[in-house]
Amino acid sequence: MTRYLLERPHTLISLAFFADRYESAKSSISEDLGILRRTFMIRGIGVLETLPGAGGGVIFTPGISKKEATEFVGNTSKRLVEPNRILPGGYLYLTDLLADPELLRTVGRMIATQYSQSSIDVVMTVATKGIPIAQSVANFLNIPFVIVRRDSKITEGSTISVNYASGSSDRVEKMELSKRSLDEGSRVLVVDDFMKGGGTINGLRSLISEFNAIFVGATVFAENINMHSQFSDAEITSIFKVTKIDTQNKILNVEPGNYLANTDFSYFE
């Protein structure tokens, strides 16, 4: 039953279903769910909520406590400040971190916690570095994720494209998305690995508008605060912020972003 709930977050499951599946009385199922509810909360896994009535059941909402999130930010900051992460142009090498399954699970759970009480239909990212983050967030929110590309693929069919000004250069670039990927009126959460100037996310917001969908917000793994951003703190959340990148002297300073301040952890405390 634990495994079934963990694999189906944000899904209403009736007690009758569990009773039939495990050939147990509803009273026994209720007792087991009570144990799971306490265990999930103690271990910081999430919240198991019971909805009464004929159409009721249980819903598991994965999340993270503020204490665990704060510890993750502190520990990961130490890995981010390694001088060999500095890349030309003011970027960071993050591939090794974003290939770590445990780190990705935690990042996904953190972003899902931020939007656990929001109505989100789709997670969106741009190829390629943001894909593992988007997949992790989508798993915890139990919703689809879509990948925006900068070059068209024949397997995508008809696409909608937008031109946008790169936030880190004077270039005008293009991004596109299959017409079948996003329904009109969808509420879209944007995630990405690194935001340098906000140009990519601004392009994604324009693309979302072309689909007559709704940009709910964006969360990035890290941002360079030394670049001029087109967004307010309320629109963009970063787990980490890079306060200094000195490519010549290999000096890198990283601090916690505004994630902890922008996230309401009360539901999971």
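Starting from 1, each residue takes its place in the sequence as its number. Note that the coordinates shown come from a computational prediction; the quantities given were computed from them, not determined experimentally.
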Next on the checklist: Looking at Arg180 and Glu156, is there a salt bridge between them, counting it only when a charged N and a carboxylate O are closer than 4.0 Å?
Outcome noted: no
Next on the checklist: What I'd like to find out is whether the side chain of Gln117 reaches to under 4.5 Å of the side chain of Asp264, using heavy atoms alone.
Outcome noted: no
Checklist entry - Do Glu173 and Tyr164 meet the criterion of a side-chain donor-acceptor pair at a distance under 3.5 Å? => result yes
Item to check | From Ile13 atom CD1 to Ile29 atom CD1, the distance as rounded to the nearest 0.5 Å | outcome: 11.5 Å
Checklist entry - With a 4.5 Å heavy-atom cut-off, do Thr125 and Val190 have their side chains touching? => result no
Checklist entry - Considering only heavy atoms from C-beta outward, does the side chain of Leu204 approach that of Met175 to under 4.5 Å? => result yes
Checklist entry - Any Lys/Arg nitrogen of Lys66 or Glu269 sitting under 4.0 Å from an Asp/Glu carboxylate oxygen of the other? => result no
Next on the checklist: If you apply the rule side-chain contact (heavy atoms from CB on, under 4.5 Å), what do you find for Val122 with Leu189, and how did you get there?
Outcome noted: CA-CA 6 Å; Val122 177; Leu189 166 63; over 6 Å; no
Checklist entry - Does Asn224 reach the side chain of Ile245, with side-chain heavy atoms less than 4.5 Å apart? => result yes
Checklist entry - Of the non-hydrogen atoms in Ala69 and Met110, which two are nearest, and what is the gap between them? => result CB-CE, 4.2 Å
Checklist entry - Side chains of Glu184 and Phe211: closer than 4.5 Å at any heavy-atom pair? => result no
Checklist entry - Which pair of non-hydrogen atoms, one from His10 and one from Ile59, has the smallest distance, and what is that distance? => result CA-CG2, 3.9 Å
Item to check | Step-by-step side-chain contact (heavy atoms from CB on, under 4.5 Å) determination, Leu97 to Arg79 | outcome: CA-CA 9 Å; Leu97 295 178; Arg79 300 176 65 183; 3.3 Å; yes
Next on the checklist: Tell me whether Asn75 contacts the main-chain N or O of Glu71 through its side chain, where contact means a donor paired with an acceptor under 3.5 Å.
Outcome noted: yes
Item to check | Exam field: side chain Asp246 to backbone Asn249, donor-acceptor pair closer than 3.5 Å | outcome: yes
Item to check | Straight-line distance of Arg8 CZ to Arg3 CZ, nearest 0.5 Å | outcome: 9.0 Å
Checklist entry - Is it the case that one hydrophobic cluster holds both Ile239 and Val81, taking links as side-chain heavy atoms less than 4.5 Å apart, direct or via other members? => result yes
Checklist entry - Are the side chain of Ser30 and the backbone N or O of Lys26 linked by a donor-acceptor pair below 3.5 Å? => result yes
Checklist entry - Heavy atoms, side chains only, cut-off 4.5 Å: are Ile133 and Asp193 in contact? => result yes
Checklist outcome for this item: Here the pair of heavy atoms bringing Ser136 nearest to Arg105 is OG-CA, 3.8 Å
Next on the checklist: Quiz question: by atom type and distance under 3.5 Å, do the side chains of Glu255 and Ser77 form a donor-acceptor pair?
Outcome noted: no
Checklist entry - Just by modelled atom types, is the Thr243 backbone N or O under 3.5 Å from a matching donor or acceptor in the Asn253 side chain? => result no
Item to check | Expected output: side-chain Arg109 to main-chain Leu104 donor-acceptor under 3.5 Å | outcome: no
Next on the checklist: As an exercise, state the distance from CG of Leu98 to OH of Tyr93, rounded to the nearest 0.5 Å.
Outcome noted: 9.5 Å
Checklist entry - Taking side chain as C-beta onward, heavy atoms only, is Leu48 less than 4.5 Å from Thr61? => result no
Checklist outcome for this item: Residues Leu12 and Leu51: closest non-hydrogen pair is CD1-CD1, 3.8 Å
Item to check | Backbone of Val73 reached by a side-chain donor or acceptor of Thr76 within 3.5 Å | outcome: no
Checklist entry - Taking Ser28 for the side chain and Ser24 for the main chain, is one N or O donor matched with an acceptor at less than 3.5 Å? => result no
Checklist entry - Under the ring-ring contact (aromatic ring centres under 6.0 Å, His included) criterion, do Phe194 and Phe221 qualify, and how do the steps go? => result CA-CA 6 Å; Phe194 189 74; Phe221 182 72; 9.3 Å; no
Item to check | Quiz item: cation-pi between Arg205 and Phe215, 6.0 Å / 45° | outcome: yes
Checklist entry - Under 3.5 Å, is there a donor-acceptor pair between the Ser161 and Glu176 side chains? => result no
Checklist entry - Would you call Asp96-Arg85 a salt bridge at under 4.0 Å N-O? => result yes
Checklist entry - Under 30°, 30 to 60°, or over 60°: which ring-plane class applies to Phe265 and Tyr259, parallel, tilted or perpendicular? => result perpendicular
Checklist entry - Do NZ/NE/NH1/NH2 and the carboxylate oxygens of Arg37 and Asp32 come within less than 4.0 Å? => result no
Checklist outcome for this item: For Phe140 and Gly108, the nearest pair of non-hydrogen atoms, with its separation, is CD1-C, 3.6 Å
Checklist entry - Are a donor atom and an acceptor atom from the side chains of Asp192 and Thr200 found within less than 3.5 Å of each other? => result no
Checklist entry - Is Asn142 reaching over with its side chain to a backbone N or O of Pro9, donor-acceptor style, under 3.5 angstrom? => result yes
Checklist outcome for this item: The reported gap from CD1 in Ile111 to OG1 in Thr219 (rounded to nearest 0.5 angstrom) is 5.0 Å
Next on the checklist: Would the distance check show the side chain of Ser238 and the main-chain N or O of Lys241 forming a donor-acceptor pair, the cut-off being under 3.5 Å?
Outcome noted: no
Item to check | Spatial distance of atom CD1 (Ile147) from atom CZ (Arg149) [nearest 0.5 Å] | outcome: 5.0 Å
Next on the checklist: Under a 3.5 Å distance rule, please check whether Ser181 uses its side chain to pair with a backbone N or O of Leu177 as donor and acceptor.
Outcome noted: no
Checklist entry - Roughly how far, to the nearest 0.5 Å, is the CD1 atom of Ile86 from the CD atom of Gln248? => result 11.0 Å
Checklist entry - Tyr4 and Phe18: ring-ring contact (aromatic ring centres under 6.0 Å, His included), yes or no, with the steps? => result CA-CA 10 Å; Tyr4 192 92; Phe18 280 137; 5.8 Å; yes
Checklist outcome for this item: Heavy atoms of Ala127 and Arg150 approach each other most closely as O-NH1, 3.3 Å
Item to check | Residue pair Lys129 / Leu94, side-chain heavy-atom distance below 4.5 Å | outcome: no
Next on the checklist: As a quick check of understanding, evaluate side-chain contact (heavy atoms from CB on, under 4.5 Å) for Met124 and Ile208, giving each step before the final call.
Outcome noted: CA-CA 9 Å; Met124 175 181 286; Ile208 291 168; 3.8 Å; yes
